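Computation of the quantities below employed the complete heavy-atom set of this structure, encompassing side-chain atoms and omitting hydrogens, waters and symmetry-equivalent molecules. It should be emphasised that the depicted structure is a prediction, and the values quoted were computed from it without experimental measurement. Proteins get letters first, then strands, A, B, ... in listed order; numbering begins at 1 in each.
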Protein chains: 2
Amino acid sequence: MEAKNKLRMTKQRQVILEELRMVKTHPTADDMYQMLRKRMPKISLGTVYRNLEILSESGIIQKLDVGGTQKRFDGDTTIHSHVRCVACGRVGDIDVKPNCNLEAEAQKMTDYEIIRHRLEFAGLCPLCQQKRKATA
Amino acid sequence: MEAKNKLRMTKQRQVILEELRMVKTHPTADDMYQMLRKRMPKISLGTVYRNLEILSESGIIQKLDVGGTQKRFDGDTTIHSHVRCVACGRVGDIDVKPNCNLEAEAQKMTDYEIIRHRLEFAGLCPLCQQKRKATA
DNA sequence: TTTGGTGCAAAGGCTTTGCAGAAAG
DNA sequence: CTTTCTGCAAAGCCTTTGCACCAAA
């Protein structure tokens with residue numbers, strides 16, 4: 001729990017990090033598990049969860065808390081926003097850097113001490129737009 | 001699942017709606033359950049979940065997907081943002097209406113069809129600020 | 001060696017659901 | 001009456017955890 005332990009670079013951890021950085025899909029833990037089994041058939045789901053947790057605590061990857069029930073992970077730790085497809089759940093990146101100083105703005109209106117913010121969009125991904133046209 | 005059914009205003013539904021509108025705390029389903037039992041001791045947790053779901057689908061209340069594992073509910077359906085205390089999980093309101101047209105902005109940068117957005121802040125609530133001072 | 005990590009399976013937390021009886025319209 | 005809703009308990013889904021063995025450093 002504490003960040004005092006030294007991390008070891010195990011095969012599993014390495015592969016998890018590689019795979020996550022290789023995709024731009026913001027996979028869930030289980031998505032990752034499915035991907036990883038192809039390269040490392042004996043890896044366990046528990047190990048995947050543990051490592052994604054550890055890596056995100058260390059700031060090496062990012063844990064996303066976008067809508068939906070499952071957490072998602074992002075190998076890209078630069079500041080950017082996300083779009084979530086309301087139909088299929090897919091999550092994409094958006095490179096919006098809200099110029100307005102939202103946090104200062106918000107700070108004026110609350111007695112919370114603002115630390116950071118999160119901006120997320122919801123919409124329809126290209127695939128689901130097509131599906132909708134087909135149905136209509 | 002379909003919104004075709006006519007809603008009945010049962011005692012339970014009525015009380016749930018009243019209680020939710022009475023507080024400004026963005027309770028979880030279980031928070032609501034605890035509150036409700038005082039007025040209606042035999043209400044079941046399942047009923048609470050079902051009604052919060054139905055009411056939010058009907059747009060009568062709002063289901064919040066802020067960070068943390070549990071969903072929260074808000075009787076206030078006007079557009080506003082939320083702050084979440086990173087220490088205790090409490091959720092407050094912030095009346096920031098991002099003037100900049102974020103969605104149009106985002107739309108330029110993605111092939112998703114943007115439908116809406118969500119702006120959330122994270123910080124320390126007054127109580128947790130005090131606790132931290134006391135500890136430091 | 002030492003100590004953190006792994007696989008496995010069981011346990012946990014939150015939410016949903018099947019069912020028979022109750023109640024709104 | 002008819003159809004939706006309720007309470008209860010069981011099931012489900014995602015995630016975490018205990019344990020004995022394994023492997024980095």
Side-chain angles (χ1 to χ4, degrees), chain A residues 1-20 26-58 60-61 63-73 84 89 91, chain B residues 1-20 26-58 60-73 84 88-89 91:
Chain A
M1 217 153 235
E2 293 301 313
K4 317 238 166 184
N5 312 345
K6 37 196 106 111
L7 294 189
R8 288 182 183 173
M9 190 44 75
T10 60
K11 278 269 166 54
Q12 289 83 343
R13 189 161 294 162
Q14 190 169 265
V15 171
I16 288 171
L17 194 49
E18 278 179 30
E19 286 290 320
L20 182 57
H26 313 87
T28 63
D30 195 70
D31 290 339
M32 290 284 321
Y33 179 52
Q34 301 306 334
M35 292 157 49
L36 291 160
R37 295 175 74 170
K38 292 173 189 160
R39 276 181 69 175
M40 188 177 269
K42 304 220 40 158
I43 197 171
S44 78
L45 185 55
T47 294
V48 175
Y49 271 102
R50 268 183 299 233
N51 277 300
L52 290 172
E53 185 61 33
I54 289 172
L55 291 170
S56 63
E57 271 177 6
S58 312
I60 298 171
I61 65 172
K63 193 201 289 196
L64 306 182
D65 224 343
V66 296
T69 54
Q70 296 173 65
K71 301 262 185 285
R72 291 173 176 271
F73 297 86
R84 175 169 204 283
V91 174
Chain B
M1 215 155 236
E2 293 302 312
K4 317 237 165 185
N5 313 344
K6 38 197 106 114
L7 295 189
R8 288 179 182 175
M9 190 43 74
T10 61
K11 277 267 165 53
Q12 290 83 343
R13 188 160 296 163
Q14 190 168 263
V15 171
I16 289 171
L17 193 50
E18 278 178 32
E19 285 291 319
L20 181 59
H26 313 87
T28 63
D30 195 71
D31 291 339
M32 291 283 323
Y33 178 53
Q34 301 306 334
M35 293 157 49
L36 291 160
R37 295 175 72 168
K38 293 173 188 159
R39 277 181 68 175
M40 188 177 269
K42 303 221 41 159
I43 197 171
S44 78
L45 185 54
T47 294
V48 174
Y49 271 102
R50 267 183 297 233
N51 277 299
L52 289 172
E53 185 61 34
I54 289 172
L55 291 170
S56 63
E57 271 178 6
S58 311
I60 298 171
I61 66 172
Q62 213 181 145
K63 191 200 291 195
L64 305 181
D65 223 341
V66 296
T69 53
Q70 297 173 66
K71 300 261 185 288
R72 291 174 175 271
F73 297 86
R84 176 170 203 280
C88 71
V91 173

Counting only side-chain nitrogens and oxygens, does B:Q12 get under 4.0 Å of the OP1 or OP2 atom of D:dG7? yes

Can you measure A:R8 atom CZ to D:dA24 atom C1' for me and round it to whole angstrom units? 5 Å

Using a cutoff of under 3.5 Å, can you pull out all pairs of nitrogen or oxygen atoms linking the protein to nucleotides 8-14 of chain D, with atom names and distances?
unit_1	atom_1	unit_2	atom_2	d
D:dC14	OP1	A:Q70	NE2	3.1

Could I get the full list of side-chain contact (heavy atoms from CB on, under 4.5 Å) partners for B:I43, not counting sequence neighbours? B:Q12, B:I16, B:Y33, B:L36, B:R37, B:M40, B:T47, B:V48

Could you say whether B:K11 or B:E53 is positioned toward the 5' end of DNA chain C, judged by the nucleotide with the nearest heavy atom to each? B:E53

With no hydrogens and no angle check, is any side-chain donor or acceptor of A:R72 less than 3.5 Å from a backbone partner on A:L64? no

Separation of D:dT16 atom C1' from A:N51 atom CG, nearest Å, is 14 Å

What's the NZ-C1' distance between A:K6 and D:dA23, to the nearest Å? 15 Å

Rounded off to whole Å, could you give me the CE-to-P distance for the B:M32 and C:dT15 pair? 13 Å

Rounded to whole Å, please give me the gap between CG in A:L45 and C1' in C:dG12. 15 Å

What is the separation between atom CG on B:D31 and atom P on C:dC14, rounded to the nearest whole Å? 10 Å

Nearest whole Å is fine: how far is D:dC5 P from B:L55 CG? 10 Å

Does the A:R39 side chain pair with the main chain of A:V15, one donor and one acceptor, at a distance under 3.5 Å? no

In whole Å, what is the span from the CZ atom of A:R13 to the C1' atom of C:dG7? 15 Å

B:K63: partners by side-chain contact (heavy atoms from CB on, under 4.5 Å), with sequence neighbours left out: B:E53, B:S56, B:K71, B:F73

Considering non-hydrogen atoms only, spot the tightest contact between A:G68 and B:D65 and give its length. N-OD2, 3.3 Å

Do B:H26 and B:V66 come within less than 4.5 Å of each other through their side chains, counting heavy atoms only? no

